[in-house]
Amino acid sequence: MPELQPARGTQDLLPETMRRHRRVSDTAREQARLYGFAEIATPVFEFTEVFARPIGEHTDIVAKEMYTFNDRGGEEITLRPENTAGVVRAVLSNGLTQSTPLKFFYSGPMFRYERPQKGRFRQFHQIGVELLGVAQPQADIEVIALGHRILQALGIGNRVTLDINTLGDPESRARYRGALVDYYTQHRAELSEDSQRRLDSNPLRILDSKDPGDIGINGSAPAFGLYLNEPSREFFARVKDGLGLLGIECRENPRLVRGLDYYTHTVFEFVTTDLGAQGTVLAGGRYDGLVEVMGGPAMPGVGWAAGIERLAMLIGEPPALARPIALVPLGEAAERAALKLGEALRDAGLVVELTYSGNLQRRMRRADRIGARAAVLIGDNELAQNAATLRDLDSGAQELVPLGDLPARLKALAG
RNA sequence: GCGGGUGUAGCUCAGGUGGUUAGAGCGCCAGAUUGUGGAUCUGGAUGUCGUGGGUUCAAGUCCCAUCACUCGCCCCA
């Protein structure tokens with residue numbers, strides 16, 4: 001074990017970072033609540049099949065990025081690489097399919113065995129929503145609107161753009177995929193090494209290639225529009241219309257292809273150019289076949305997930321913390337009185353920190369360091385009068401205040 | 001998994017072509033100020049030079065390996 005380092009791709013969330021994470025997840029949770037999404041939590045690990053089948057055996061996530069191991073009972077377990085499959089499993093396990101629509105919000109850690117990079121970790125955190133049981137495009141529109149609203153609320157609406165595309169229904173997608181395979185197979189030798197591999201694993205991905213040679217070949221690749229059947233075309237048009245109605249700007253990107261097998265119809269990504277190679281900040285789509293693939297009834301679904309780390313890096317400073325009141329006792333009797341006074345002040349809702357050791361000067365310096373709004377000094381003089389010296393640390397003014405008046409006085413200061 | 005860059009104090013970084021006890025700023029600690037913080041002044045402590053090998057009379061400095069971070073590819077949030 002390499003000494004005292006965290007395992008590769010993991011990190012400690014120290015208070016400053018944690019506050020940013022909390023700002024992201026709290027904001028998302030609150031906005032999701034306004035749409036009727038209820039928070040749930042599913043296990044951090046599941047039986048491997050829960051992820052392997054729905055995500056797709058040949059996807060990178062399943063083929064090389066899952067933390068999979070056998071537990072002591074011999075079960076094959078996987079740390080969740082994403083949460084949609086877990087949520088669907090929970091829906092099926094708990095018999096929730098009777099009471100659609102289902103609207104869930106979640107927040108928690110995910111795990112992928114990848115080479116770490118800026119905005120990419122082996123343990124990372126996602127917030128996400130899933131809306132199950134609604135086949136209408138209104139579901140797509142609301143889910144995207146919720147993502148949009150969260151980004152706005154976080155103050156980064158102007159740093160991201162929304163890309164949107166459709167993969168059509170399974171029939172359209174299969175026909176298009178067939179056409180692409182035919183086309184690229186004819187040009188197999190000219191394709192980049194990566195794209196030759198993609199041709200076998202996920203041909204739609206070739207459309208998204210950054211290789212200059214591939215881009216040339218893509219120029220005359222068949223367009224999805226020709227293979228979309230009428231219902232799929234109509235569905236996508238209604239999604240776009242709804243977004244327009246809500247004033248949500250988006251860019252139709254026919255090259256937007258999502259990696260997971262379960263997507264159908266709408267796919268979308270909010271992307272930024274401020275995070276290097278990791279541009280995607282919130283992404284998702286519709287997954288109408290997933291529930292059935294996992295052994296449930298035919299049930300449509302749409303959702304998205306967002307990377308908390310990535311969002312936390314984009315947002316500004318979180319709001320300042322409430323400034324504490326510092327208790328500064330001097331002497332044995334005062335220490336005891338301060339302990340009790342602290343509880344009384346906290347009963348009044350004040351943030352109170354004790355200065356634990358040292359002489360007056362040291363304790364006052366400590367009070368200053370923690371950004372205290374005021375210091376409450378208690379020594380023998382004060383005790384004798386059942387009062388305390390209240391010092392305003394911003395103005396430097398101080399006066400003797402009866403203990404009974406302290407909560408009100410401090411609340412006035414803190415407010 | 002592939003390719004490039006970086007690794008010296010808690011933090012940000014100096015340390016030409018190898019040469020004695022490895023430096024600065026910030027921060028930290030102590031004092032000036034034994035019932036009063038911030039500012040100032042004075043003094044102090046920082047460290048397996050990422051780790052392990054190698055070359056050399058001598059390695060923070062050169063070589064190899066390894067680990068971590070970082071940028072890009074792949075993929076993705």
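Convention: sequence-line order gives letters A, B, ...; per-chain numbering from 1.
- Counting any heavy atom pair closer than 4.0 Å across all strands shown, A/E269 reaches no nucleic acid atom.
- When the P atom is used for both B/G3 and B/A77, the distance is 26 Å, rounded to whole Å.
- The interatomic distance linking A/W304 (CH2) with B/A77 (C1') rounds to 11 Å, in whole Å.
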Next on the checklist: If you apply the rule ring pair (Phe, Tyr, Trp, His ring centres under 6.0 Å), what do you find for A/Y227 with A/Y176, and how did you get there?
Outcome noted: CA-CA 6 Å; A/Y227 297 83; A/Y176 183 51; 5.7 Å; yes
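- A/N359 places its CG atom 8 Å from the P atom of B/U34, with the value rounded to the nearest Å.
- Taking only side-chain nitrogens and oxygens, A/R198 comes nearer than 4.0 Å to OP1 or OP2 of B/C75.
- The listed nucleotides are B/G35, B/A77, B/U70; the one nearest the side chain of A/A283 is B/A77.
- Rounded to whole Å, the distance from CD on A/E193 to P on B/C2 is 13 Å.
- Nucleotide B/C62 is matched to B/G54 when pairs are restricted to Watson-Crick or G-U wobble geometry with both distances under 3.5 angstrom.
- Both A/D380 and A/Y113 lie close to RNA chain B; mapped to their nearest nucleotides by heavy-atom distance, the more 5′-ward contact belongs to A/Y113.
- The base-pairing partner of B/A68, taking Watson-Crick or G-U wobble contacts with both distances under 3.5 Å, is B/U6.
- Looking at A/E65, its side chain has no donor and acceptor atom pair within 3.5 Å of the base of B/G1.
- Between A/R112 atom CZ and B/C75 atom C1' there is a gap of 9 Å when expressed in whole angstrom units.
- Distance from the side chain of A/L330 is smallest to B/G35 among B/G35, B/C75, B/A77.
- At a threshold of 4.0 angstrom between heavy atoms, the contacts of A/G128 with the nucleic acid are absent.
- At a threshold of 4.5 Å between non-hydrogen side-chain atoms, the residues A/L131 and A/F37 count as touching.
- Dashed line: the shortest gap from a side-chain N or O of A/R8 to OP1 or OP2 of B/C69 is under 4.0 Å.
- A heavy-atom distance below 4.5 Å is found between the side chains of A/L406 and A/L345.
- Taking the C1' atom of each, B/G52 and B/G7 are spaced 15 Å apart, rounded to whole Å.
- Taking atom C1' in both B/U66 and B/U6, one finds a spacing of 16 Å when rounded to whole Å.
- Spacing of P atoms, B/G15 relative to B/U34, comes out at 44 Å, to the nearest Å.
- Within the nucleic acid shown, A/D394 comes within 4.0 Å of at least one base atom, counting heavy atoms only.
- For the pair A/R89 and A/E46, the salt-bridge criterion is met [side-chain N within less than 4.0 Å of a carboxylate O].
- On the C1' atoms, B/G10 is 36 Å away from B/C73, given to the nearest whole Å.
- Going from atom CD of A/E114 over to atom C1' of B/G1 covers 11 Å, rounded to whole Å.
- Side-chain N or O atoms of A/R363 include one that pairs as donor or acceptor with a backbone N or O of A/T355 at under 3.5 Å.
- Taking atom P in both B/G44 and B/U51, the straight-line distance is 28 Å, to the nearest Å.
- Going from atom CZ of A/R366 over to atom P of B/C29 covers 10 Å, rounded to whole Å.
- A donor-acceptor contact under 3.5 Å is not formed by the side chain of A/Q361 with the base of B/U34.
- Between B/G43 and B/C26, the two P atoms lie 14 Å apart (nearest whole Å).
- For B/C75, its base sits under 3.5 Å from the side chain of A/R120 at one donor and acceptor pair at least.
- Each of B/G37, B/C75, B/U36 was ranked by its minimum atom distance to the side chain of A/R365; first place goes to B/G37.
- Under the Watson-Crick or G-U wobble criterion, with both distances below 3.5 Å, B/A22 has no partner in any strand shown.
- Backbone-only engagement by A/G9 is indicated by non-hydrogen atom pairs under 4.0 Å involving sugar-phosphate atoms exclusively.
- Side-chain proximity of A/R310 to the nucleotides B/C69, B/A77, B/G37 is greatest for B/A77.
- Judged by the 6.0 Å distance and 45° axis criteria, A/R122 is not positioned over the aromatic ring of A/F111.
- Here the C1' atom of nucleotide B/A77 and the CD atom of A/Q126 are 5 Å apart, to the nearest Å.
- In this structure, A/R369 reaches the B/C28 phosphate: one of its side-chain N or O atoms is under 4.0 Å from OP1 or OP2.
- Of all nucleotides listed (B/A77, B/G1, B/G38), B/G38 comes nearest to the side chain of A/R391.
- Using a cut-off of 4.0 Å between Lys/Arg side-chain N and Asp/Glu carboxylate O, A/R197 and A/D194 are scored as salt-bridged.
- Counting only heavy atoms from C-beta on, A/D368 has its side chain closest to B/G37 among B/G35, B/A77, B/G37.
- Atom C1' of nucleotide B/U36 and atom CD of A/E382 are separated by 11 Å, given to the nearest angstrom.
- Of the two residues near RNA chain B, A/D211 and A/F270, the one whose nearest nucleotide lies more 5' is A/D211.
- At the heavy-atom level, A/L377 lies under 4.0 Å from base atoms of the strands shown.
- OP1 or OP2 of B/G72 has at least one side-chain nitrogen or oxygen of A/Q117 nearer than 4.0 Å.
- The gap from the C1' atom of B/G16 to that of B/G60 amounts to 15 Å, rounded to the nearest Å.
- Inter-residue side-chain proximity for A/M110 and A/H125 is flagged as unmet; no heavy-atom pair is nearer than 4.5 Å.
- Nucleotide B/A32 is matched to B/U40 when pairs are restricted to Watson-Crick or G-U wobble geometry with both distances under 3.5 angstrom.
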